[in-house]
Amino acid sequence: MHLSYLPIITKIRVSEQGNIFDEFQWRGLLFDATAELKEVLATQRVTAYIGFDPTASSLHVGSLLPIMGLARLQRFGHTPIALVGGGTGLIGDPSGKTAERQLLNREQVEINLNGIRSQLAQFLDFDRAGNPAQIVNNLDWLGELHLIDFLRDVGKYFTVNYMLSKESVKRRIQSDDGISYTEFTYMMLQAYDFLALYRLNGCSLQMGGSDQWGNILAGTDLIRKADAAKAHGLVFPLVTNSAGTKFGKTESGTVWLDPERTSPYRFYQFWMNTDDRDVIDYLKYFTWLTREEIAEFEKSVAEDPGSRAAQKELARLVTAMVHGEDAFEKALVASKVLFGGSLGNLSVSDLKDIFEDVPSTSLSRDVFEGAGLGVLNLCTETGITASNGEARRLIRQGGLFINSDQIEDENAVIMPSNLIENQLLILRKGKKNYHLVQVNSEASS
RNA sequence: GGACGGGUACCGAAGCGGCCAAACGGGAUGGACUGUAAAUCCAUUGUCUUUCGACUUCGGAGGUUCGAAUCCUCCCCCGUCCA
C-alpha cells in the first residue's frame, strides 16, 4: 500500500541496543508475561508472532500497538511473524466480547485479509539480514485440519474445565447471550496456531493485547503438553484514554489505518486531540522516541500544556509513519488553515489542496440556480446532519458556518453568488468539523 | 420437548389500557469557559413542518377497545432451569 514510505520508518533508528524486555517495560507495554521470558529474551534470539484477525479490511489505530511491538522486537534482533487469521477469522474470537459475533463469510475474510496483509507489510522489514519478518496465514494449516485429527491431537490436551476457567469464556457463560460452541472452540484453534508455528518456524513467543492472555496461555500449555517444550507469552496493555471512552474511536467512528477510510487529515487530528494525561503514554507506545526525548515532552506538558508540543509531535510522527511524510505535511497545512483563523484570501486551488482529505461532497451547480438551495437541504444533502430537524437545531445553537460566516437563519438560501469562485462551499459544524462542497457544472452528485 | 423469565429509541433501563414520542442514566451533538485538551455548566437528542400540528416507532403478524408499548391469539428470537 505505502511501501514507498518504508524508509521513514526505518531511517529513524536502524538498530537498537539492549534488551527488548526492558524496552517494553519502560514504555509501559508490558502488561503481563510468562515467568522466564525476561531471561529468554536477554540471552536468545527468538521468533515471535502476533495474530491479527481479519474482522475488517483495514487495521485501526488500536492495532498499531501490537504492530509496533513486532517492529520493536525486530529491531532488537528477534524474528517477527505477523499471522493473519484466515482460518480463525472464520470462527470469531470471544475474547473481550460480550456477545456472540456474526460469522463473516469466506469472501469477506479473503478481502479483509488482503487489506490487512498489505498494512502489516508497511511496518516490518522482510529483507533484514538474520531476522527477516514473515507474514503467514493460519488458514494454511487450519484449513486442512480434519475434525477427527483435531479432536485426537489437540482436543485431547484440553479439559473442558480448563476452558471454562478462562476469563473470556467465563464472562460469556455468565452473560445472557451465552457462547456458541464455535466461539468456545476458538481458543483451541489459536493454541494450535502457536503449536503449528512452533513446529514450522521454531516460534516460541506469542504476543498480543491483554485480552489475548488466556488464548496465549492455552498455546503455551498446548506446546508444553504436546511437544514437551517451553513457549512464552507477552501481552500489551489495553490502550485506554483518560476520558474513559474507547481508544481509537472518534465522533466519526473508528480511526483506521487505511487512508480511504480515515483520511490522513482526520488521522492527524485524532492524535492531535490526545488528552494531556495520555499523550506521554502514547508517545511511548506509538513512536520510536527515546527515553530522553520523551522526558523532554513530559516536561513540556507539565510546564506549558497550552502549546501542545507533545500532541504535535505525536501526531506528526504517527501520521508520517502510517501515511508518509507528504500526507503529514498536507494534514498539517490543512490543520493550520482550518484552526488558524480565516480562510479569506486563499485561492480555490489552495483550498482544494488543503481540503483534499477533508470530507467532501460534490453537488451539481443546477441545485443552486433559480431559488437557490436552502441551508437545511444543504446540510442533509452533504450528510453533515442526519435530518432537517438536526440541521435546524444546529443553526439555532449557532453551530453552522458556511465559508466562515455563521448562519443564523434556518431559512437562509445559498445562491450561486455565495460560491467561492463559483465552485466551492466550505461548511463547518461546530468548531472542528469541516466539510467541503465542490460544485460541478454538470455532473450531479 | 416442558416450566419460567425476557425482547422498549445509539446503548443500558423504566413504563404494564388514555396524562407515552415514551421517565432516568450513559453516549452523542451544539454552546459557554479554554489550549482544536480535561473538568464543569447550559441546550438538544424519532421524522416532516416548526406556531399550532401531522406522521411513523416499543421483536413480527393479527385481534379486543372510542383508545394499546401496555390486554388477547399465533409466530420468531434470547436466557435460566428441567427432560
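The sequence lines fix the lettering, A, B, ..., with proteins before strands; numbering per chain opens at 1.
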ask   = Can you list the residues that meet the salt bridge (charged side-chain N to carboxylate O under 4.0 Å, His left out) rule with A:Lys330, with sequence neighbours excluded?
value =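 Applying salt bridge (charged side-chain N to carboxylate O under 4.0 Å, His left out) to A:Lys330 gives A:Glu356.
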key: Set of residues satisfying salt bridge (charged side-chain N to carboxylate O under 4.0 Å, His left out) with respect to A:Arg316, sequence neighbours excluded   = A:Glu313
Note: A:Arg365-A:Glu369 ion pair, threshold 4.0 Å (strictly below) = yes
query = Which ones in residues 297-305 of chain A lie close to RNA chain B, meaning a heavy atom under 4.0 Å from one of its atoms?
reply =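 The stretch gives A:Pro305 as the residues lying under 4.0 Å from the strand, ordered by number.
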Could you go over nucleotides 48-50 of chain B and give all protein N or O partners under 3.5 Å, atom names and distances?
unit_1	atom_1	unit_2	atom_2	d
B:C48	OP1	A:Asn388	N	2.9
B:C48	OP2	A:Gly389	N	3.1
B:U49	OP2	A:Asn388	ND2	3.4
B:U49	OP2	A:Arg392	NH1	3.4
B:U50	OP2	A:Arg392	NH2	2.5
B:U50	N3	A:Arg396	NH2	3.4
B:U50	O4	A:Arg396	NH2	3.4

query = Looking at A:Lys432, does any N or O in its side chain come under 4.0 Å of the phosphate oxygens OP1/OP2 on B:A37?
reply =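 Looking at the OP1 and OP2 atoms of B:A37, one of them is under 4.0 Å from a side-chain N or O of A:Lys432.
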request  = Give a yes/no on whether any side-chain N or O of A:Asn433 is located under 4.0 angstrom from OP1 or OP2 of B:U36.
outcome  = no
message = Counting distance alone, no hydrogens or angles: does the base of B:U29 have a donor or acceptor under 3.5 Å from a partner atom on the side chain of A:Gln397?
response =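 Between B:U29 and A:Gln397, which were checked side chain against base, a qualifying N/O pair under 3.5 Å is absent.
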request  = Could you check whether A:Thr385 gets within reach of a base, just the sugar-phosphate, or nothing at all, counting any heavy atom under 4.0 Å?
outcome  = nothing
query = Partners of A:Asp281 by side-chain hydrogen bond (donor to acceptor under 3.5 Å, both in side chains), sequence neighbours excluded?
reply =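 Checked A:Asp281 against side-chain hydrogen bond (donor to acceptor under 3.5 Å, both in side chains); zero matches.
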ask   = Of all residues at least two apart in sequence or in a different chain, which pass the side-chain hydrogen bond (donor to acceptor under 3.5 Å, both in side chains) check with A:Arg261?
value =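 Expected list: A:Ser57.
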query = If pairing requires Watson-Crick or G-U wobble contacts with both distances under 3.5 Å, which nucleotide is the partner of B:G1?
reply =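 Checking every strand shown, B:G1 finds its partner in B:C82, with both distances under 3.5 Å.
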Only distances under 3.5 Å count here; give the side-chain donor-acceptor pairs of residues 154-163 of chain A to other protein atoms, sequence neighbours excluded, each with its distance to 0.1 Å.
unit_1	atom_1	unit_2	atom_2	d
A:Thr159	OG1	A:Tyr162	N	3.0
A:Tyr162	OH	A:Lys166	NZ	3.2
A:Tyr162	OH	A:Asp221	OD2	2.5

key: Which residues share a ring-ring contact (aromatic ring centres under 6.0 Å, His included) with A:Phe286, sequence neighbours left out   =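 Listed in chain order: A:Phe247, A:Trp271, A:Tyr282.
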Got a list of side-chain donor-acceptor pairs under 3.5 Å for residues 406-416 of chain A, not counting sequence neighbours?
unit_1	atom_1	unit_2	atom_2	d
A:Gln406	NE2	A:Gly398	O	2.9
A:Asp409	OD1	A:Asn411	N	2.8
A:Glu410	OE1	A:Arg392	NE	2.9
A:Glu410	OE2	A:Arg396	NE	3.3

